[in-house]
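In what follows, every chain begins at residue 1, and chains take the letters A, B, ... in the order their sequences are listed.
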Amino acid sequence: MIRVYNTLSKSKEPFEPVRPGKVGIYLCGPTVYKPSHIGHMVGPVIFDAIKRYLTYSGYEVTLVVNVTDVDDKLIAESARRSMLMSELAAEMTRDYMNNLDAMGIDTVSHFPRATDHIDQIIQFTADLIQKGCAYESDGDVYFDVSKDEDYGKLSHRTLESMIGEGGDTAERKRSSADFALWKSAKPGEPSWSSPWGPGRPGWHIECSVMSSRLLGETFDIHGGGLDLVFPHHENEIAQSECRFGKPMARYWLHNGLMQASDEVGKVGGRATRPAEDDLQSQSAGKISKSKGASAFSEMLKEFEPENIRFFLLSSHYRRPIDFSSERIREVGTGLESFYRFFKRYQRVTGRSFYEVAAATRREEGDFDPESDAVLVEVSERRKRFLAAMDDDFNTGGAIAELFELMRRLNRQIDDEKLEEPNRQSAERIAVLRQGAATLREIGLTLGLFRNPPKEAEARGDELAGKLLDLLVEIRTEARKAKNFAMADKIRSSLAELGVTLEDRPGGTEWTIGK
RNA sequence: GGCGCCGUAGCCAAAUGGAUAAGGCAGCGGAUUGCAAAUCCGCGAUUUAUCGGUUCGACUCCGAUCGGCGCCUCCA
């Protein structure tokens, strides 16, 4: 039984999809006016894992991530850069897609764009007017929040508390809490013709339109950053539920926001933060475009995607994450130990870990450990991993089981001396294989261990490789002759060049890199 | 000001009423090694910001205090 935390009820609820066996997820994607930063990857990485896990658990999952490509910010930015809004949107959408691609997020079923749905947006807006939930005012169309009895139910606030200034369109609204469905165009702004004159959609309407179109009037999971709870998601609910008269989504999942605590100027930090209020600039704060977070594409030059993924999944998705390069490196160190285990597995079995046949469905992964001590623990760790994931996708707790599982298999190799060629038995290797298959199986549900990591450095050219082989051979002879001074000199000299030597039962191995 | 979240070992972090408070990073011992590296084993919270309360029992619920943060305006 999978349980999820629902912002609507502020509690964990058993997960039961609207249609048995099928799950529809709508994740709020970016407004494409600037390059994406690490904060934009949090939701996609988590929901990529959620989709993988739900699929693994037997559901047929449709994941929709929208792209908002028409908005005041796009208009402003494209004007600043003297380009068409559509050109800007295309450029930034490409940036976003490249980033998702680099992160191995290939689980998204649809990326609907607002500008591809203008007709439906106009229709939706007209329907809302007809239902009496919205009104036209001087070329704009506003949603009348007083018509929505439970307005505020997601963000848990009362209507009175939301009455504010109303922005610069206050005179045109009946209530300052009303929000725009359609905005009339000023001269020179991109616009589409509508029953209310030329204009463009407001911010929230595209999500109501596209989610209902792709996932239905009531779908299962609506996700996004915590900062979208109000007003964005609250307004989506108001629009959709007024229009369809039924709940928009069953479960509202919100991820915590990335906080920047890195030194100014580093990746993800508040690079262009204004110099005033020095005292406050010491503290962490939300990463956002307006505060000048660095482009994610820059970060990819510094860190491996899997390292970033591991970092994002190592704590619970609802918790805010303090970003720092040091932290990513730290979890990277832990991740490296998995890579070393994978190489070790290959040395022992002669097979690549990445070719281990792993179950892709939960039931398929079940196995009978009989009374083998190793398999009993492997099975136990797998169960605990699944229990953690079932409990509101607790990826942090689940990753702990990955470490435990790896440790158990390393211990098996040590205890049974499986790395010594003459000590192997087919039966014990089979046990190790089962353990590795389980590790890969559950790792894959998080989108981990899909492909071999890039070697730290290019393995040098062919000549360098041959020279290293030669040096290792000379050193091995020196060691046999107990000429350890020579052996150590070769090792330490190579270390200075960034080459690490490791002596193992099966021989010496060299690696280039950190 | 209104609404809300968070505070667990040096650092990161899981566990939200029940039996010894996961795991990672860093550190320290030991096994292994010619010496290393890697790996394995062992060690760290008499205790979950503080104080008080509810309970047979609280990190977990309630109240207060201190500290950090978010939303209320654009944001993943």
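With both ends at atom P, the span from B:G1 to B:A45 equals 40 Å, rounded to whole Å. Of the P atoms belonging to B:A37 and B:A76, the separation is 47 Å, rounded to the nearest Å. Using P as the reference atom, B:A49 and B:U33 are 46 Å apart when rounded to the nearest Å. Going from the P atom of B:U39 to that of B:A15 covers 27 Å, rounded to whole Å. As rounded to the nearest Å, B:U48 and B:C6 have C1' atoms that lie 14 Å from one another.
Between B:A76 and A:Thr31, a contact under 4.0 Å exists linking OP1 or OP2 to a side-chain N or O.
Look at A:Phe484 and the base of B:G34; the rings stack, centres closer than 5.5 Å and planes less than 30° apart.
Contact annotation for A:Gly223: no contact, since no heavy-atom pair falls under 4.0 Å across all strands. Here A:Arg3 lies out of heavy-atom contact (under 4.0 Å) with every strand. Contact annotation for A:Ser337: backbone-only contact, meaning every heavy-atom pair under 4.0 Å involves sugar-phosphate atoms and none involves a base. If you check every strand for non-hydrogen atoms under 4.0 Å, A:His232 touches nothing. No contact: A:Gly43 has no heavy atom under 4.0 Å from any strand. Residue-level contact check: A:Asp503 touches the bases, meaning some heavy atom is under 4.0 Å from a base atom.
Residue-to-nucleotide contacts include a donor-acceptor pair under 3.5 Å from the side chain of A:Arg491 to the base of B:A36. A donor and an acceptor atom never sit less than 3.5 Å apart when one is taken from the side chain of A:Gln259 and the other from the base of B:G70. Residue side chain A:Arg157 does not reach the base of B:C72 through any donor-acceptor N/O pair under 3.5 Å, judged by distance alone.
Comparing B:A76, B:G4, B:A14 against the side chain of A:Lys10 picks out B:G4 as the nearest.
The nearest whole Å value for the distance from the CG atom in A:Leu402 to the P atom in B:C25 is 13 Å. For A:Arg319 and B:G4, the CZ to P distance is 21 Å, given to the nearest whole Å. Across the protein-nucleic acid pair, A:Ile25 atom CD1 and B:A76 atom P stand 19 Å apart, rounded to whole Å. Between the OH atom of A:Tyr317 and the P atom of B:A76 there is a distance of 19 Å, rounded to whole Å. Distance, A:Phe111 CZ to B:A76 C1': 14 Å, rounded to whole Å.
Salt bridge A:Lys383/A:Asp390: absent, no basic N to carboxylate O contact under 4.0 Å.
Between the side chains of A:Asp71 and A:Thr31, not a single donor N or O lies within less than 3.5 Å of an accepting N or O.
Nearest heavy-atom pair across A:Asp322 and A:Phe311 is O-CZ, 4.0 Å. A:Tyr345 and A:Ala436 get closest at one heavy-atom pair: CE1-CB, 3.4 Å.
Side chain of A:Arg475 to backbone of A:Ala487: a donor-acceptor contact under 3.5 angstrom is found.
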